[in-house]
Amino acid sequence: MPTVYKSFRYKAKTTWTSARRGLLSAVEKPNIVVGSPPEFKGEPDVWTPEELLVGSVNTCIMLTFLSLAQARGLTPAGYESEAEGLLENVEGKYRITEVTVRPHITVKGEAELHFEFRQIKGQDHR
């Protein structure tokens with residue numbers, strides 16, 4: 001029998017407020033002030049679409065890792081990651097062409113590190 005997958009919809013609203021700024025909102029969530037980055041005549045004190053995209057990829061990888069670890073009965077002692085996106089002009093259009101995520105995962109002990117690595121890679125050789 002084929003696997004049945006669920007579908008989900010997510011909604012967000014953007015409202016222009018002034019110059020190159022706006023508010024990003026969603027039901028039951030705090031608003032986020034957004035705008036153009038300084039490179040495109042924006043101001044440095046607001047979240048840009050580029051930062052939100054890179055942050056979304058970063059967060060998705062963290063949540064995927066935590067979900068996989070939890071499914072295997074593992075709880076990391078800590079997780080922190082930095083991400084960087086590259087915006088390039090490709091054939092006259094700006095595009096995010098890469099996002100690099102650098103996770104730093106802390107485990108309780110070295111034995112758990114080896115166990116976690118083998119479990120997540122699906123190669124538990126005891």
- Item | Nearest-0.5 Å distance that lies between atom NZ in K29 and atom CG in N31 | 11.5 Å

- Could you give me the CA-CA distance, side-chain angles and deciding distance for E84 and R102, then say whether side chain to side chain contact (heavy atoms under 4.5 Å, CB included) is met? CA-CA 9 Å; E84 179 179 41; R102 294 177 189 89; 3.9 Å; yes

- Is it true that V34 and L87 fall in one hydrophobic cluster, defined by side-chain heavy atoms closer than 4.5 Å? no

- Message: Could you go through T100 and E98, starting from their C-alpha distance and side-chain angles, then the distance that decides it, and tell me whether this counts as side chain to side chain contact (heavy atoms under 4.5 Å, CB included)?
- Response: CA-CA 7 Å; T100 303; E98 69 180 57; 3.9 Å; yes

- Message: Would S25 and K13 count as a side chain to side chain contact (heavy atoms under 4.5 Å, CB included) here? Give the steps.
- Response: CA-CA 5 Å; S25 60; K13 178 180 175 182; 3.6 Å; yes

- Check whether any side-chain heavy atom of P76 sits under 4.5 Å from a side-chain heavy atom of F65, and report yes or no. yes

- Are any side-chain N or O atoms of T59 and backbone N or O atoms of G55, one a donor and one an acceptor, separated by less than 3.5 Å? yes

- Cluster link I32 to V46, ILVMFWY, side chain under 4.5 Å: no

- Query: How far does OG1 of T106 sit from OH of Y79, to the nearest 0.5 angstrom?
  - Reply: 11.0 Å

- According to a 4.5 Å side-chain heavy-atom criterion applied to Ile, Leu, Val, Met, Phe, Trp and Tyr, with indirect links allowed, do L86 and L53 form part of one hydrophobic cluster? no

- Message: Run the side chain to side chain contact (heavy atoms under 4.5 Å, CB included) test on D45 and R21 for me, step by step, so that the C-alpha distance in whole Å, both residues' side-chain angles and the decisive distance to 0.1 Å come before the verdict.
- Response: CA-CA 10 Å; D45 64 335; R21 284 181 177 235; 2.5 Å; yes

- Message: With a sphere of 6.0 Å drawn around CD of E88, does it hold more than 12 non-hydrogen atoms of other residues, nucleotides or ligands?
- Response: yes

- Mind checking whether L52 and L23 sit in one hydrophobic cluster, side chains of I, L, V, M, F, W, Y counted as touching below 4.5 Å? no

- Are V33 and W47 linked, directly or through other ILVMFWY residues, by side chains that come within less than 4.5 angstrom of each other? no

- Query: Side-chain contact, heavy-atom cut-off 4.5 Å: K93 with E91?
  - Reply: no

- Between P49 and G35, the two heavy atoms sitting closest are CD-O, 3.4 Å

- Do other residues, nucleotides or ligands put more than 12 heavy atoms under 6.0 Å from Q70 CD? no

- Item | Inter-residue atom distance E50.CD - S36.OG, 0.5 Å rounding | 8.0 Å

- Heavy atoms, side chains only, cut-off 4.5 Å: are V101 and V57 in contact? yes

- Separation of E82 CD from N58 CG (nearest 0.5 Å): 8.5 Å

